[in-house]
Amino acid sequence: MSFPRLLVLFLLAAAVAAPPRRAAAACAAERFSGNRAFAACADLPRLGASVHWTYDAAAASLSVAFLAAPPSGGWVAWGLNPTGDGMSGTQALVAVPKGRGAYEVQTYSISGYSLGSPGPLSYNTSDLAAEIGSDGRVRIFGTLKLQNGTGEVNQVWQVGPSSGGAIGIHSTTNADNLNSKGKLNLLTGASTAASGGNSILRKRNTHGVLNAVSWGLLLPMGAIFARYLKTFKSADPAWFYLHVACQLIGYGVGVSGWATGIHLGNMSKGITYSVHRNIGITVFALGTLQIFALFLRPKKDHKYRFYWNVYHHSIGYTIIILGIINIFKGMSILSVDQKWKTAYIIAICILGAIALILEVVTWGIVLKRRKEDSKTYNGNGNGHLPLSM
């Protein structure tokens, strides 16, 4: 074989055996104003953000640029957490809009799960600035004096809305917002993302499903059993056990959903959905009263049975109405897909249609009995369709 052919075969073999070159990170093409340049960069996995830095290990000085696109007219933030991997404890640089496309950098030492008021960080800072790039992303610049020996840091970043210069709460349902945290090795450039937000999202979804099934489906079904099956003599006492089973199971599942909601509230200090929370507490309290009322139910011929029936009937329907309202509020908070809202609406409509049909049928039975008997039929001594057990 001739030498040229051997050379060609050798080059082809070397090309095949050589490891593929790693694609350059998109952040490497970024250019900054004021002749700013950084030694390393990393494209972050959430919110379309990237971070650029130059780290002087000897002086423990970190020069950084953070880029992210906020909601229209919103804010962006980046920070380091020396004590943990979440929001609480983060030493944050926040770019806040100041009109006509201008931004200023404010510093926040975050305690708990709310920003609080601007104040100094645990790190000395300098050269703070912010601007909007040609791609629409806001850029935060700054230099932080870290502790000697720092090599890997916990970083947290975020974007959110702003109104009138006031910082609004970022999304608490979007997975990107919940997972915008991770570790950054300032020496090697390695960046790892955290996934703790998925746990919170699962708990939110669990909270929603438990409450939709309990207060939104089982309790209405139990009410239908009590109101309509009671009219049929052949369904006595089966209607009572069906009613009690639905209400007790619904209450038990609802308590689990309510407890999950309380836990989520404790995990999200500073983020409060007052109306949703207050309705949930009211529904839980009234549901608990209904359970106690079951054990205090007078006998049918007792003089207080009529008043107990009125109480039980009115409180029961109040719980169902408030529960359904709160389920829709919860869906709005979670920003669930329209298909889930539609599915729940269809389920409620089916229960409503069944109730309407049974209403007509049972009133027909009552009127027929009135014609057949000179004495009116009644389950509560008033000649009307029974309202409750």
Side-chain angles (χ1 to χ4, degrees), residues 22-34 36-54 62-81 85-87 90-98 101-106 108 110 115 128-142 144 153-163 167-186 188-201 204 271 334-337:
R22 183 180 178 183
C27 61
E30 199 72 44
R31 296 294 178 265
F32 301 100
S33 63
R36 295 182 178 95
F38 300 91
C41 73
D43 292 313
L44 301 177
R46 303 287 179 175
L47 302 174
S50 63
V51 61
H52 304 244
W53 73 93
T54 298
L62 174 66
S63 296
V64 66
F66 171 76
L67 291 73
S72 179
W75 54 268
V76 303
W78 176 89
L80 301 179
N81 191 333
D85 61 358
M87 178 178 176
T90 297
Q91 307 300 296
L93 307 178
V94 183
V96 182
K98 286 300 177 184
Y103 276 79
E104 74 169 6
V105 178
Q106 298 177 355
Y108 290 81
I110 301 174
L115 282 178
L128 300 181
E131 65 183 20
I132 298 180
S134 59
D135 59 357
R137 292 194 297 174
V138 173
R139 306 170 172 192
I140 300 176
F141 303 101
L144 292 76
V153 293
N154 297 315
Q155 64 173 341
V156 179
W157 64 97
Q158 198 55 259
V159 302
S162 178
S163 178
I167 295 176
I169 297 174
H170 66 77
S171 172
T172 58
T173 59
N174 187 305
D176 279 351
N177 290 95
L178 295 175
N179 291 318
S180 54
K181 56 185 178 179
K183 292 185 179 296
L184 179 67
N185 192 305
L186 301 175
T188 66
S191 175
T192 58
S195 58
N198 287 333
S199 174
I200 296 177
L201 190 59
R204 289 176 182 271
I271 303 174
L334 287 174
S335 299
V336 300
D337 293 340

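Positions are given from 1, in the same order as the sequence printed here.
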Minimum heavy-atom separation for [X] and [Y], please, with both atom names.
| X | Y | result |
| --- | --- | --- |
| H52 | C41 | ND1-CB, 3.3 Å |
| S50 | R137 | OG-NH1, 3.5 Å |
| E30 | L67 | CD-CD2, 3.6 Å |

- Item | Interatomic spacing from CG in L144 to CD in Q91 - rounded to 0.5 Å |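 The CD atom of Q91 is 9.0 Å from CG of L144, to the nearest 0.5 Å.
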- Message: As an exercise, state the distance from CG of L80 to CG of L186, rounded to the nearest 0.5 Å.
- Response: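 Answer for the CG-CG pair, L80 versus L186, is 7.5 Å.
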- Query: In chain order, what residues pass the side-chain contact (heavy atoms from CB on, under 4.5 Å) check against V105, with sequence neighbours excluded?
  - Reply: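 For V105, the residues satisfying side-chain contact (heavy atoms from CB on, under 4.5 Å) (neighbours in sequence not counted) are L93, L128, A130, I140.
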- Message: Please enumerate all residues that pass side-chain contact (heavy atoms from CB on, under 4.5 Å) together with N81, with sequence neighbours excluded.
- Response: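 Checked N81 against side-chain contact (heavy atoms from CB on, under 4.5 Å); matches are T83, T90, N154.
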- Would you please name every residue forming a ring pair (Phe, Tyr, Trp, His ring centres under 6.0 Å) with Y103, sequence neighbours left out?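 Y103 satisfies ring pair (Phe, Tyr, Trp, His ring centres under 6.0 Å) with no other residue.
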- Partners of Y108 by ring pair (Phe, Tyr, Trp, His ring centres under 6.0 Å), sequence neighbours excluded?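 Result, ring pair (Phe, Tyr, Trp, His ring centres under 6.0 Å) vs Y108: none returned.
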For [X], which residues count as a side chain to side chain donor-acceptor pair (under 3.5 Å) partner, sequence neighbours excluded?
| X | value |
| --- | --- |
| W78 | Q155 |
| S33 | R36, E131 |
| S162 | none |

